[in-house]
There are 2 protein chains.
Amino acid sequence: MPKHAMLELAITLPPRGSGAVMRVLHRELRAAILDGRLKPGLRLPSTRILADSWGVSRNTVMGAYDLLLSEGYLFARHGAGTYVAETLPLRTERASIIDETETEPDARLNALWRSPPPYLGKPWVSSMASSHAIFRLGVPDTASFPFHIWRRLLARSLRALAKVPAAYVEAQGRPLLREAIANHVSFARAVACRPEDVVVTAGTQQAFDLLARILVTAGRSTVALEDPGYPPLRAAFVAAGAKLAPVPVDAEGLVVERLPADTRVICVTPSHQFPLGVAMSMRRRAELLEFARVNGAVVIEDDYDGEFRFGATPRDALQTLDRSGSVFYVGTFSKSLFPGIRLGFVVAPPWARRALITAKQCADWHSPVMEQDALAAFISEGHLARHVRKMRKLYSERRELMMSSLQTHFSPWLESIPSSGGMHLTALVRESIDIETIVRSARQRNMDVRSLRSFWDDGNGQAGLVMGYGSSGPEALTEGLLQLRRLFPASAPARVVWGSSRLVAESR
Amino acid sequence: MPKHAMLELAITLPPRGSGAVMRVLHRELRAAILDGRLKPGLRLPSTRILADSWGVSRNTVMGAYDLLLSEGYLFARHGAGTYVAETLPLRTERASIIDETETEPDARLNALWRSPPPYLGKPWVSSMASSHAIFRLGVPDTASFPFHIWRRLLARSLRALAKVPAAYVEAQGRPLLREAIANHVSFARAVACRPEDVVVTAGTQQAFDLLARILVTAGRSTVALEDPGYPPLRAAFVAAGAKLAPVPVDAEGLVVERLPADTRVICVTPSHQFPLGVAMSMRRRAELLEFARVNGAVVIEDDYDGEFRFGATPRDALQTLDRSGSVFYVGTFSKSLFPGIRLGFVVAPPWARRALITAKQCADWHSPVMEQDALAAFISEGHLARHVRKMRKLYSERRELMMSSLQTHFSPWLESIPSSGGMHLTALVRESIDIETIVRSARQRNMDVRSLRSFWDDGNGQAGLVMGYGSSGPEALTEGLLQLRRLFPASAPARVVWGSSRLVAESR
């Protein structure tokens with residue numbers, strides 16, 4: 001006879017008040033523990049919850065728990081609930097087949113695959129340092145985010161949803177959100193688009209993944225990526241089976257003349273190259289679009305922090321300049337709101353739209369409804385524009401602080417790359433110091449700085465330092481720069497007069 | 001000189017109060033309309049929002065808008081905002097290349113692909129009927145959902161999130177949610193698992209998609225699917241390049257002996273076969289697990305509505321019975337909460353876990369943080385168990401109503417398949433009536449009934465009717481059955497005494 005699933009026990013329990021209920025509960029729980037359905041270390045629901053979900057009295061459940069506790073099948077942690085005992089007389093057959101060490105996916109997965117397994121790699125880490133670390137990369141400051149407004153809009157969306165029958169909705173994205181996004185990018189980035197050109201995605205990562213899936217033929221399509229570049233983008237195209245062509249970047253952005261002739265897809269960050277921070281020149285933009293037109297290639301324009309440009313004349317998006325329907329414009333709300341929202345979008349040329357929507361539906365049907373609706377209101381009521389304007393000012397000040405400190409106190413070793421936007425800075429190593437050791441030391445001291453090496457395709461390009469300034473305020477950045485400076489050689493060339501008190505004073 | 005992105009105009013605007021600001025705004029807006037950056041029909045932001053985001057006075061923006069209105073570049077809809085005019089003297093080059101008709105993805109996409117393009121299909125529709133239709137399939141009733149509790153838990157999660165720096169989080173899913181899920185399925189479905197065995201996904205669809213991506217070698221792997229079965233599941237495996245093997249289902253579930261010997265992946269719905277509704281017998285479960293063990297195949301167990309079983313002895317999940325680490329157990333909160341939440345999970349064997357997590361990170365990094373945290377609290381505080389218990393009673397009553405009506409009033413034509421759970425019923429066509437015509441008529445009358453034909457692999461299996469009863473209350477279902485009955489032949493065999501008043505009376 002098959003064992004009963006626990007929640008369904010209520011159905012076969014004897015009548016209440018007979019005392020038999022407790023005995024059945026006890027027997028079934030013990031059986032479940034012994035045969036491994038309830039695992040060692042599992043925390044049991046509270047007696048209140050269990051009594052409620054089984055429709056029995058709480059005393060009955062407590063009686064069964066007490067018996068199991070006295071028999072050693074359960075143990076209680078004071079104030080922290082009741083757990084299945086870690087050591088039991090019997091080990092189940094099941095437990096023995098579970099590989100507790102879990103070093104590598106086992107031969108099983110290799111046996112299932114016959115072509116190179118794209119998912120055998122480790123998931124990349126978002127940040128090795130804690131979320132309180134300084135210089136975190138790609139993470140915005142949410143201390144100034146109007147969470148009270150966001151909470152109000154979420155509550156409003158939820159109230160509206162509660163009034164209509166539940167439903168699966170449009171894979172392309174909620175119409176009001178697509179309208180809001182179309183307006184936003186038309187105004188903020190001069191990207192010409194209509195609501196029907198927009199496909200809502202789960203952040204930039206899903207945009208890359210879906211585009212890789214519709215644009216790449218495994219084993220055949222050559223995809224050009226900026227080198228250095230963004231590793232998670234590379235991961236999406238590797239998974240799709242693309243032949244990757246790393247292409248160098250100089251002070252004008254991607255070196256278009258180095259694109260292989262058979263390139264089918266070109267991924268670029270023209271506003272603010274990741275990680276170097278340079279903007280692609282107008283000349284290069286024109287060359288790139290011409291290359292795409294002549295060779296029948298498409299361009300994926302990742303405008304991950306395009307909202308945050310300071311002072312310098314902004315350049316039009318490639319999508320704005322394109323006249324041949326070659327450009328997919330990718331935007332995200334991870335930087336302008338916060339990464340936990342998981343919403344981004346693609347502005348797609350009409351010829352690819354249906355394939356992209358089908359891929360989105362195949363991937364996860366649609367993005368969460370409530371958050372889409374709240375974001376639509378957040379944009380269309382002007383909160384996004386207002387927040388971006390505020391943050392642009394804050395980030396601009398932090399960038400000034402960083403640049404000035406790097407130029408003043410790190411100039412013997414580092415040369416920062418001019419950049420006019422975003423939330424990070426990259427500096428090249430000027431002299432032959434061991435930057436990898438400095439990075440390791442810094443990371444041990446809660447500074448989330450990165451070595452530029454980790455962004456090169458072969459891990460072997462020019463050495464440098466990549467530092468985020470989005471998530472920390474000026475005091476923390478100043479303190480961080482001070483600490484970072486201590487990790488560099490103590491003796492600097494004579495022209496730099498060095499003193500920790502001056503660093504703080506000068507860099508503000 | 002490149003055109004400015006609109007939001008950045010503020011930077012180059014003349015000093016306030018000079019009158020020149022308005023003229024620059026006017027000139028730039030007109031230029032943007034003429035060169036197609038602002039498209040015909042686009043709704044402009046309100047003057048308040050624009051003034052706020054550009055840091056100019058509202059009067060200035062109104063002045064520029066008024067000028068453009070008088071020149072015919074804009075038009076105003078009373079109370080509905082200001083729009084870019086639909087007809088303009090100049091058409092941009094850009095507009096001419098956009099294919100407004102958009103019938104098929106054009107040759108461009110075909111040229112990029114050299115192997116069969118899996119995404120050229122149309123996205124499937126979730127429901128052709130409106131969300132107020134009767135008999136909707138796969139959609140729960142949310143009228144009884146405790147939205148007030150959900151709103152409170154969301155607000156609490158958001159408050160907690162607002163206090164910590166923003167961050168990208170674990171691709172596998174938030175630890176507290178994985179712990180809550182592990183407890184939930186251990187108790188509710190006797191699925192033995194620990195938090196580290198759980199991978200959180202964007203609903204069942206993403207679970208299928210990620211599993212297809214890690215388990216299928218394109219062009220080589222044979223994947224067995226139940227026939228009839230769930231079309232979106234098929235879509236995920238087609239996209240991964242699987243060789244599909246439709247396998248018949250009988251009253252005991254999947255006919256295991258019909259599995260091709262080279263099958264690598266077997267997708268089943270053992271608790272409540274979709275769409276037939278039968279439960280897989282214990283004998284077949286044992287045969288299936290033995291097949292997987294002997295042939296080195298894996299099983300994907302889709303337990304989409306496993307919480308909703310009524311009365312009959314529940315059978316253990318395949319995952320519970322498995323002793324060789326062959327089973328991936330897939331669960332969802334689309335039915336126990338609502339589909340808009342987009343959260344589900346996979347309980348994965350240890351050997352596949354790392355690949356699955358890497359695939360999840362590649363697909364969308366991680367699921368939204370706030371909703372994961374709120375769901376963790378919803379489960380661990382007992383709200384899910386309570387809600388499921390309440391809904392099980394409601395759905396059970398509706399099923400009784402449906403079964404009784406089908407047996408009493410549709411028995412000359414339909415034979416309902418015994419089923420002891422879930423939110424839908426399937427009936428086979430007993431006599432040679434034209435069920436497709438009846439389905440079409442019903443759908444025109446706002447009844448979301450489906451023809452069983454649409455769930456067969458070749459569209460040509462036995463005829464039948466699939467009806468959901470999850471989303472409608474007993475009054476609506478009774479009314480719907482009454483309307484549906486009118487679409488069947490008026491004259492029934494003599495043994496059925498027919499009267500509309502009796503249908504209502506008897507079926508309750």
Side-chain angles (χ1 to χ4, degrees), chain A residues 2 5-8 36-37 49 53 98-99 102 105-106 108 113-115 119 123 126 131 139 142 147 151 158 162 165-168 171 187-190 192 202 205-206 209 214 217 220 235 239 314 316 338-340 342 350-351 354-355 357-359 361-365 368-369 382 385 471, chain B residues 2 5-8 36-37 49 53 97 99 102 105-106 108 113-115 119 123 126 131 139 142 147 151 158 162 165-168 171 187-190 192 202 205-206 209 214 217 235 239 314 316 325 338-340 342 350-351 354-355 357-359 361-365 368-369 382 385 471:
Chain A
M6 300 311 293
L7 206 73
E8 276 88 3
R37 280 177 292 150
I49 287 173
S53 56
I98 291 182
D99 171 18
E102 198 206 351
D106 80 3
R108 184 104 187 217
W113 274 317
R114 297 183 58 180
S115 59
Y119 296 108
S126 58
S131 64
V139 182
T142 48
F147 279 107
R151 187 159 58 237
L158 192 60
Y168 290 88
F187 274 84
R189 298 292 298 130
Q205 189 61 31
Q206 187 178 55
D209 186 55
I214 70 167
T217 303
R220 294 186 184 273
D316 274 345
F338 47 89
R342 307 312 303 134
W351 56 267
R354 201 174 83 185
I357 296 166
T358 308
Q361 189 169 36
C362 183
D364 65 4
W365 207 313
V369 177
S471 68
Chain B
M6 301 310 293
L7 206 74
E8 275 88 4
R37 279 177 292 151
I49 286 172
S53 56
I97 65 113
D99 170 19
E102 197 205 350
D106 80 1
R108 182 105 185 218
W113 274 317
R114 299 182 60 181
S115 59
Y119 297 107
S126 58
S131 64
V139 183
T142 49
F147 279 107
R151 186 159 59 239
L158 193 60
Y168 290 88
F187 274 84
R189 297 291 298 128
Q205 189 61 32
Q206 186 177 56
D209 187 56
I214 70 165
T217 303
D316 274 345
F338 48 89
R342 307 313 301 132
W351 56 267
R354 200 174 85 185
I357 296 167
T358 308
Q361 189 169 37
C362 183
D364 64 5
W365 207 313
V369 176
S471 69

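Chain naming here is simple, since letters A, B, ... match the order of the sequence lines and numbering starts at 1 in each.
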Residues B:R342 and A:D364: closest non-hydrogen pair is NH2-O, 3.0 Å
Scanning both residues in full, the closest heavy-atom pair of A:Q205 with B:W365 reads CG-N, 4.0 Å
At their closest point, which heavy atom of A:C362 faces which heavy atom of B:A239, and how far apart are they?
SG-CB, 3.9 Å
Counting heavy-atom pairs under 4.5 Å with chain A, which one of B:G382, B:P165, B:A202 comes out on top?
B:P165
Which one, A:S471, A:A171, A:A359, leads in non-hydrogen pairs under 4.5 Å with chain B?
A:A359
Toward chain B, the part of A:A162 with a non-hydrogen atom under 4.5 Å
both
So, using salt bridge (charged side-chain N to carboxylate O under 4.0 Å, His left out) as the criterion, who are the partners of A:D209 when residues are at least two apart?
A:R213, B:R213
